Amino acid sequence: IKHKIHPRDWTLKNIKRMTQQLKSWGLGYDWEREVTTCLPDYYAWTQWLFLRLYSKGLAYRKEAVVNWCDSCKTVLANEQVVDGKCERCSTEVKQKKLKQWFLKITDYADRLLEDLNLLEEWPQRVKAMQENWIGKSCGVEINFPVKGSGVNLNCFTTRVDTIFGATFIALNWEHPAVKELINEAENKKDIELFIEKVKKQPSSARLLDSFEKEGIFTGKFALNPLNGEKIPIWIANYVLSGYGTGAIMCVPAHDGRDLEFALKYGLAVKKVIKAQDSDFETESEDEVSSGSAYEGQGILINSGDFNGLASEEAKARIADYIEKNKIGRRLTQYKLRDWLVSRQRYWGAPIPIVYCESCGEVALRDEDLPVLLPEVKEFLPTGKSPLTYIKDFMEVKCPKCGAQARRETDTMDTFVDSSWYYLRYISPKEQNKPFVSSDVNNWLPVDQYVGGVEHAILHLMYSRFINKFLQDEGLVNFPEPFKKLFTQGMIVKDGFKMSKSKGNVVAPDYIIDKYGADTMRLYILFMGPPQKDAEWQDEGLQGIWRFMQRALRLVDILEDCDSGKSGNEPSVLEIGLLKKIHLTIKEVTRDLEGGFQFNTAISRIMELVNQVYRGMNEGVLRREILEETVDVIFLLLAPFTPHISEEVNARLGHKGSILLRDWPRVDQKYLLEKELEIAVSVNGKVKDRMVISVDWTKDLIEDKALSLGKIKKALSASKPKKIIYIDKKLLNIVV
RNA sequence: GCGCGGGUGGCGGAAUUGGCAGACGCGCUAGGCUCAGAACCUAGUGGUAGCAAUACUAUGCGGGUUCAACUCCCGCCUCGCGCACCA
């Protein structure tokens with residue numbers, strides 16, 4: 001749309017191009033299972049999913065204050081608003097009241113939170129981010145009656161233990177009681193002016209450190225239901241409307257934000273918690289005057305019957321009291337909101353709902369699917385879905401009564417498509433259902449998922465939600481879709497993430513033309529640990545290219561080499577090389593199996609190549625030994641450099657593909673050392689090293705060490721106090 | 001403010017989880033090859049002092065535990081990311 005090209009043409013063209021690119025890298029995908037979420041054979045099932053959710057009351061339409069992007073002319077999910085701006089175009093997001101479709105992810109909030117515990121092989125970071133996003137907190141909602149009126153102000157608090165310290169109440173300007181409260185106020189005009197001012201403050205301003213708390217007194221008072229104290233009611237700009245009730249009880253002594261506000265407007269500060277080990281008399285006043293509130297747990301004071309209790313117990317007892325006297329109730333709050341899936345974009349799967357004069361909102365039947373996205377000429381955003389203007393699309397018979405009805409014109413957020421695609425991979429060609437449950441249950445959950453952290457909340461939370469829903473529907477039998485998660489870093493160049501807008505992209509096609517796909521693959525994996533960001537350096541690529549040439553030259557050397565005598569005992573030099581070969585096999589295997597440690601695996605293969613060259617410098621290597629070495633080198637390289645390894649495999653006379661050959665095996669006989677070198681240190685500082693035989697006793701090793709010239713010198717006259725021997729590693733002499 | 005990660009040579013990064021810090025690569029220096037250059041080969045390369053053997057010093061800073069600390073503990077500094085007046 002941005003480029004004024006039809007989204008379908010653009011998308012299909014890019015899919016084609018990227019498929020070519022992925023193939024040119026030599027990546028081993030099963031292309032038979034490719035799915036395209038924007039084509040009807042896929043999105044029919046996305047619509048089917050929507051209908052299942054609808055039938056369970058988990059897809060619903062409501063009027064709500066939603067995020068609106070003026071530039072994209074569409075609503076956005078909370079998850080797609082970053083720093084108060086549209087994640088796509090960075091336009092300041094506005095709040096608008098609209099009737100929109102939501103998916104009830106909040107019904108699953110507790111399970112999404114609880115089941116994070118099942119995800120043992122997910123990064124802590126991602127789990128922490130989801131936990132944060134769900135934002136569960138337990139507390140009470142308590143009624144503060146307004147003096148001289150029938151109004152009750154409900155306030156949610158997690159700090160039930162501090163209710164006796166509430167010295168004022170603050171309301172968001174949108175709170176439904178505001179109108180009534182200020183009706184007879186003397187300064188009604190001023191209050192209205194204040195509200196107008198606060199309304200205009202952009203929501204992103206709250207994020208700034210410079211955001212100043214402001215408020216105005218309504219002239220009304222509320223009664224603290226626990227102690228009957230009369231406390232003033234204010235309207236304040238720091239109270240959120242979307243969380244809790246939009247009204248808060250303020251305890252300045254134990255909340256920094258409330259204290260800041262109280263000090264500014266000269267409101268009372270009342271301490272009701274003292275730190276476990278503190279002396280109340282001496283500390284209280286200083287704290288408040290220095291502007292810091294005691295926010296920790298402690299012992300209750302100034303709290304009537306609850307004095308002397310510890311915070312934790314007090315919370316429970318006060319909550320009991322509140323419920324018993326019917327002045328409030330226990331309540332759990334979440335930050336997680338329902339998932340807004342309506343989009344006013346053309347490019348998406350139409351929501352399969354129609355509106356009928358007599359039946360109202362009606363869901364389509366499965367046999368009506370797919371609702372095809374019609375051809376349009378006009379797809380630029382206008383604020384209404386472009387589908388609105390297409391008569392053939394809009395006009396439809398009501399599936400219930402057959403009368404003329406009109407279609408829903410919103411399309412679905414594309415994250416709905418991607419929340420279940422891993423299931424479709426199991427049954428990509430299935431015509432009659434989205435997937436075959438028995439096959440899905442056999443193959444899934446996904447063993448290893450790889451992706452960027454940018455999906456930590458959006459895609460990975462939505463997929464978990466949908467998977468749990470499908471589990472409840474009996475269509476899958478596992479609670480979590482992705483068993484292991486690996487989040488890879490970004491490639492950075494000149495200090496910025498590679499991107500077209502920064503103009504620092506290194507085109508893979510160009511690299512492949514110049515150096516070949518293998519060199520590029522090897523370089524990318526050698527750059528550093530894949531979970532971290534890595535800096536692209538052309539020199540590094542050159543280094544890898546050099547290494548590949550060096551390794552390939554060994555094949556030339558081998559081919560020019562006489563067949564030579566065989567059957568002789570290997571020379572010392574050859575034994576050294578054989579040991580290195582098997583050590584390399586062992587370590588490369590461990591690096592690959594133990595995690596994604598490609599960078600170290602590659603460096604070990606480099607070491608092996610280096611040792612071959614060093615060996616040839618020092619003496620003669622027989623052809624059979626050299627051949628074994630070259631063979632192992634390219635077998636170990638095969639996962640990284642499949643094309644070149646394949647070629648070498650053929651040159652060495654092997655029939656068939658190298659990818660079908662066995663992974664090299666470690667021959668333990670080369671790793672069993674008869675002799676080895678250990679370090680000898682004095683007081684932890686290495687002074688010398690020596691060769692020992694594995695069958696030596698500790699006494700023998702000590703004697704030998706103490707006879708070393710450098711050790712004698714280091715010890716000079718002092719007598720060893722203690723000698724510590726770490727098997728096969730070092731001997732430390734303490735003096 | 002809360003939550004995750006990091007901090008090791010000129011640079012990217014290793015260190016078998018408490019046991020020889022700096023593997024491997026880049027860069028740099030010297031030498032070889034060459035008419036010359038590129039490429040390639042050989043050697044060297046944390047810092048300070050020394051011709052050298054060697055000595056001292058060194059993993060963000062300060063303490064601690066230990067025969068031994070990049071690694072563990074306590075207290076700081078700093079950078080990156082995520083969330084954020086969530087009551």
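Given the structure is predicted, the values throughout are model-derived calculations rather than measurements. Letters go in sequence order (proteins before strands), and every chain restarts at 1.
Contact between the side-chain N/O atoms of R614(A) and the OP1/OP2 oxygens of U42(B) is not found at any separation under 4.0 Å. N610(A) has a side-chain polar atom (N or O) that falls below the 4.0 Å cut-off from OP1 or OP2 of G25(B). Regarding contacts with the backbone of U57(B), a side-chain N or O of K685(A) is found under 4.0 angstrom from either OP1 or OP2. Contact check, K710(A) against U54(B): a side-chain N or O comes under 4.0 Å of OP1 or OP2. The shortest distance between the side-chain N/O atoms of Y613(A) and the OP1/OP2 oxygens of C41(B) is not below 4.0 Å.
Taking atom CD of residue Q488(A) and atom C1' of nucleotide C81(B), one finds them 15 Å apart after rounding to whole Å.
Pairing for C2(B) is with G82(B), a Watson-Crick or G-U wobble pair whose two hydrogen-bonding atom distances lie under 3.5 Å. Remark: G25(B) base-pairs with C11(B); criterion is Watson-Crick or G-U wobble with both hydrogen-bond distances under 3.5 Å.
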Inset, instruction - Produce a footprint string for nucleotides 6-18 of chain B: one letter per nucleotide, 5' end first; B if the base is under 4.0 Å from any protein heavy atom, S if only the sugar-phosphate is, - if neither. - result: -----SSSS----
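Between the side chains of Q333(A) and S137(A), no donor N or O sits under 3.5 Å from an acceptor N or O.
Taking the centre of each ring, F168(A) and F261(A) come in below the 6.0 Å mark. Ring centers of F598(A) and F526(A): at least 6.0 Å apart, outside the cut-off. The distance between the ring centers of Y523(A) and W545(A) does not fall below 6.0 angstrom.
Contact of N132(A) with C83(B) (side chain to base): no donor-acceptor pair of N or O atoms is detected under 3.5 Å.
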